[in-house]
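Accompanying notes for the structure given below.
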Amino acid sequence: MLKLRSEQISKRLLVSMLIIVLSLLCISIPLIVSSYKEYVKAQHALIEIQSLGAVADLANKISRERGPSNKAMSSSPKERQKNLQDLKEYRKQVDQQIASTFQTLKQAGFTGLTRELKSDLVQSLSLGRQSIDQYIQTPFKERQSKQLDDAILKMFQAWDSSHELLKNVVMQSQNKDSSVANYYTQILILADLRDQAGRVASNVMAYLSFSEPQPSDNIARSLQTQKQVRYLWDLVNTIQPEQDKTPEFIQLHQQVKTEFIDQGLPIIMRLIDESRHHQPYYLTGTQLTDAVSNKFLTVINLQKYLLESSVQVAKAEQNIAQQKFLVTLLVSIISLMAALFTMIYAQRKVFAPLIQARNMIVELSYANARDHTDIAVRKNQETYSLYDAMQKLQNMLKQRDAFEFQLKNIANTDKLTGVSNRLFLDEYLKTVEYLPQHFDYLSLIIIDIDNFKRVNDQYGHIFGDSVIVSVAESLKENVRSTDLIIRFGGDEFLVVIDQIGFEQALISAEKIRESISALDFQLPESDQKLTVSVSIGVAVGAENWIALLEKADKSLFKAKAQGKNVVAG
């Protein structure tokens, strides 16, 4: 009986240590799997941004091909041979870039896009080149300005195909919600900016080459393109996060304005004015190409800088994720080895001698005819100690769960305002992504603080933060507790309201606007007070979240256009 009880104690101790080891495994394995998934995600994000860069470079090269094409088509017989050779050499570069981009997309797993590249893009580029070559082969006496303009428009269509491919790379990327997501948008905008910059000159090239007045359609296209260039240039600076506006970015962004917008666009405007007043053009077609082509490089340099920056960020994230995975794996292995070592050591060096000593005491008690009741009492005490240890382990696990819950709550909350952040919005959207009908009755209100950048610039970021906090508090006071408030950007908030009509949403938005307009703020080191206002965009019902966000965003732009401090829907 004595031996049997000793074996039971030993087994119980072994079971207790195994429970601890299994608990460590339950904690370690999910952490290892999670960190490995983050590493794979970061690795894939790097591959995707590199693929996007390759397609953006291809789009730039296709856009730039219009330069040597225009020179070849508008050149005089004396210049024709040299310009044809330049065009031929440049087309080789574009073809090499197509082959390189095809391999990059294939290795990145964009199988569908490789087919799109080989079919739509290559076919569209081939049609554009055929149109260029047809015009070049036409005898000089038989050429017409309309033919030249049509050939130029064909090359526009070739770039449109490359831009569609660029958009599809972004749409099919799986890491649009990573920290490099902002670069996806920037690259798309800069690709468009580069092409629009080229179209400004190309729109007037045909009739300039023939010294003919510009048709109203060509003038309208050129003016619209100039407006788009200015808008895209300003948009690049607007969406670039303040912390990423490095001195190099600011310099490159300013160069686009100085060398292209301020110097290049006036060249085109002068030609348009000469056409309108029936004056002779002061430049020929080839001279115009030479005058503005170098100015496009400022746009390409800015895009190249952002591409390189995005790759560096993606590589840094990959390295961090890899280090996190290796550290998690190493710590888990060390913890498990330590637990196993402790279990073996305790079994051999601690519990075995204790059991041996216990047996000796029991034997002595039997030898001295002691009462068996003492043995039963000790047995009950041992059972209580084991139960107490199990209770402590359960408490530790409960504390771990509570700690994980606190960490998740902190991660989903904006630290400055206490409202939800974009991470929580992502979690919310994941829960409703399989319920598309949910968006039919969902209302979205976008609140943007008017002229907030001016507040930060004049009174500092600490005062600006106090304004943001006050606006957030006003939102909490003017919406229901069941409504979702999200800090979407620096000075932009979203309010998501379920089961509400459009008129009621407008009333809620107006209530928010009036509440914020009533706030006043004590200016630092001054007796004066400052009031702020917000522009609000409202949308109700859409097919999905993206569509709902776009509707609300358009309403916000409408509110801004109406003079700000306005609710629009």
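Bear in mind the structure is a predicted one, so any value in this text is a computation, not a measurement. Sequential numbering from 1 along the given sequence is applied to the chain's residues. The figures that follow rest on heavy atoms only: side chains count, while hydrogens, waters and symmetry mates do not.
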On a heavy-atom basis, which atom in [X] and which in [Y] lie closest, and how many Å separate them?
X: N565; Y: D450; value: N-OD2, 2.9 Å
X: V455; Y: G464; value: CG1-CA, 4.4 Å
X: W159; Y: A191; value: CZ2-O, 3.4 Å
X: L121; Y: S162; value: CD1-N, 3.5 Å
X: A54; Y: Q97; value: O-NE2, 3.4 Å
X: G541; Y: K551; value: O-NZ, 2.7 Å

Side chain to side chain donor-acceptor pair (under 3.5 Å) involving T104 - partner list, sequence neighbours excluded: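 Scan of T104 (side chain to side chain donor-acceptor pair (under 3.5 Å), adjacent residues dropped) gives none.
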Under the rule for side chain to side chain donor-acceptor pair (under 3.5 Å), what residues qualify as partners of D244, not counting sequence neighbours?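 With sequence neighbours excluded, D244 shows a side chain to side chain donor-acceptor pair (under 3.5 Å) to no residue whatsoever.
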Rounded to the nearest 0.5 Å, how far does [atom2] of [Y] lie from [atom1] of [X]?
X: E550; Y: L444; atom1: CD; atom2: CG; result: 11.5 Å
X: L235; Y: Q186; atom1: CG; atom2: CD; result: 7.5 Å
X: N412; Y: L423; atom1: CG; atom2: CG; result: 4.5 Å
X: M155; Y: L153; atom1: CE; atom2: CG; result: 11.5 Å
X: Q214; Y: E212; atom1: CD; atom2: CD; result: 9.0 Å
X: D120; Y: L165; atom1: CG; atom2: CG; result: 9.0 Å

Short side-chain donor-acceptor distance under 3.5 Å, [Y] and [X]:
X: N168; Y: E116; result: yes
X: N478; Y: S515; result: yes
X: T298; Y: E259; result: no

Neighbour count >12 (heavy atoms, 6.0 Å) for atom [atom1], [X]:
X: K476; atom1: NZ; value: yes
X: Y282; atom1: OH; value: yes
X: E543; atom1: CD; value: no
X: K304; atom1: NZ; value: no
X: K245; atom1: NZ; value: yes

Please assess D150 against K154 for the test salt bridge (Lys or Arg N to Asp or Glu O under 4.0 Å), listing each intermediate value before the final yes or no. CA-CA 6 Å; D150 290 342; K154 286 287 186 182; over 6 Å; no
For [range], which residue pairs pass the salt bridge (Lys or Arg N to Asp or Glu O under 4.0 Å) check, not counting sequence neighbours?
range: residues 217-239; answer: D149-R221
range: residues 51-63; answer: D57-K61
range: residues 505-517; answer: E510-R513

Does anything in residues 237-273 form a ring pair (Phe, Tyr, Trp, His ring centres under 6.0 Å)? List the pairs, not counting sequence neighbours.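 Of all non-adjacent pairs touching residues 237-273, those that pass ring pair (Phe, Tyr, Trp, His ring centres under 6.0 Å) are W233-H253, F249-H253, F260-F296.
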Under the ring pair (Phe, Tyr, Trp, His ring centres under 6.0 Å) definition, can you give me all pairs with a residue in residues 462-516, not counting sequence neighbours?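 Counting only pairs at least two positions apart or across chains, the ring pair (Phe, Tyr, Trp, His ring centres under 6.0 Å) contacts touching residues 462-516 are Y459-F463.
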Between [X] and [Y], is any pair of side-chain heavy atoms under 4.5 Å apart?
X: R129; Y: V94; value: yes
X: E48; Y: V170; value: no
X: Q172; Y: L113; value: yes
X: I449; Y: I516; value: no
X: L105; Y: V169; value: yes
X: I497; Y: R480; value: yes
X: L125; Y: S161; value: no
X: K118; Y: T114; value: no

Non-neighbouring partners of F521 that pass ring-ring contact (aromatic ring centres under 6.0 Å, His included), sequence neighbours left out: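 Residues passing ring-ring contact (aromatic ring centres under 6.0 Å, His included) with F521: none at all.
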Which residues pass the ring-ring contact (aromatic ring centres under 6.0 Å, His included) test with W545, not counting sequence neighbours?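 Per chain and number, W545 pairs via ring-ring contact (aromatic ring centres under 6.0 Å, His included) with no residue.
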Worked check of side chain to side chain contact (heavy atoms under 4.5 Å, CB included) between I500 and D483: CA-CA 11 Å; I500 189 173; D483 298 335; over 6 Å; no
Among residues two or more places apart or on two chains, list those pairs meeting side chain to side chain donor-acceptor pair (under 3.5 Å) that have a residue in residues 484-501.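 Sorted pair list: D414-R487.
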When you look at L193 and L190, which way does the side chain to side chain contact (heavy atoms under 4.5 Å, CB included) test go after all the steps? CA-CA 5 Å; L193 176 58; L190 283 168; 4.0 Å; yes
Check step by step if side chain to side chain contact (heavy atoms under 4.5 Å, CB included) holds for F156 and R66. CA-CA 8 Å; F156 284 176; R66 291 201 301 268; 3.4 Å; yes
Is it true that a side-chain atom of [X] and a backbone atom of [Y] form a donor plus acceptor pair closer than 3.5 Å?
X: S209; Y: M205; answer: yes
X: S126; Y: V122; answer: no
X: S470; Y: S466; answer: yes

Check salt bridge (Lys or Arg N to Asp or Glu O under 4.0 Å) between R199 and all other residues, then give those that pass, not counting sequence neighbours.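 Partners of R199 under the salt bridge (Lys or Arg N to Asp or Glu O under 4.0 Å) test: D160, D195.
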Applying side-chain contact (heavy atoms from CB on, under 4.5 Å), name anything that partners Q458, two or more places apart in sequence or on another chain.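 Testing Q458 for side-chain contact (heavy atoms from CB on, under 4.5 Å), a comparison that skips the adjacent residues, returns R454.
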Go through the steps to decide whether T246 and Y305 satisfy the test side chain to side chain donor-acceptor pair (under 3.5 Å), and finish with yes or no. CA-CA 11 Å; T246 62; Y305 166 77; 2.5 Å; yes
Steps toward salt bridge (Lys or Arg N to Asp or Glu O under 4.0 Å) verdict (R270, E274): CA-CA 6 Å; R270 178 177 173 181; E274 288 173 348; 3.3 Å; yes
Which is it for S535 and D448 under the side chain to side chain donor-acceptor pair (under 3.5 Å) test, yes or no, and what are the steps along the way? CA-CA 5 Å; S535 297; D448 182 80; 5.9 Å; no
With side chain to side chain contact (heavy atoms under 4.5 Å, CB included) as the criterion, how do V292 and V200 come out once you've worked through the C-alpha distance, each side chain's angles and the decisive distance to 0.1 Å? CA-CA 10 Å; V292 298; V200 171; over 6 Å; no
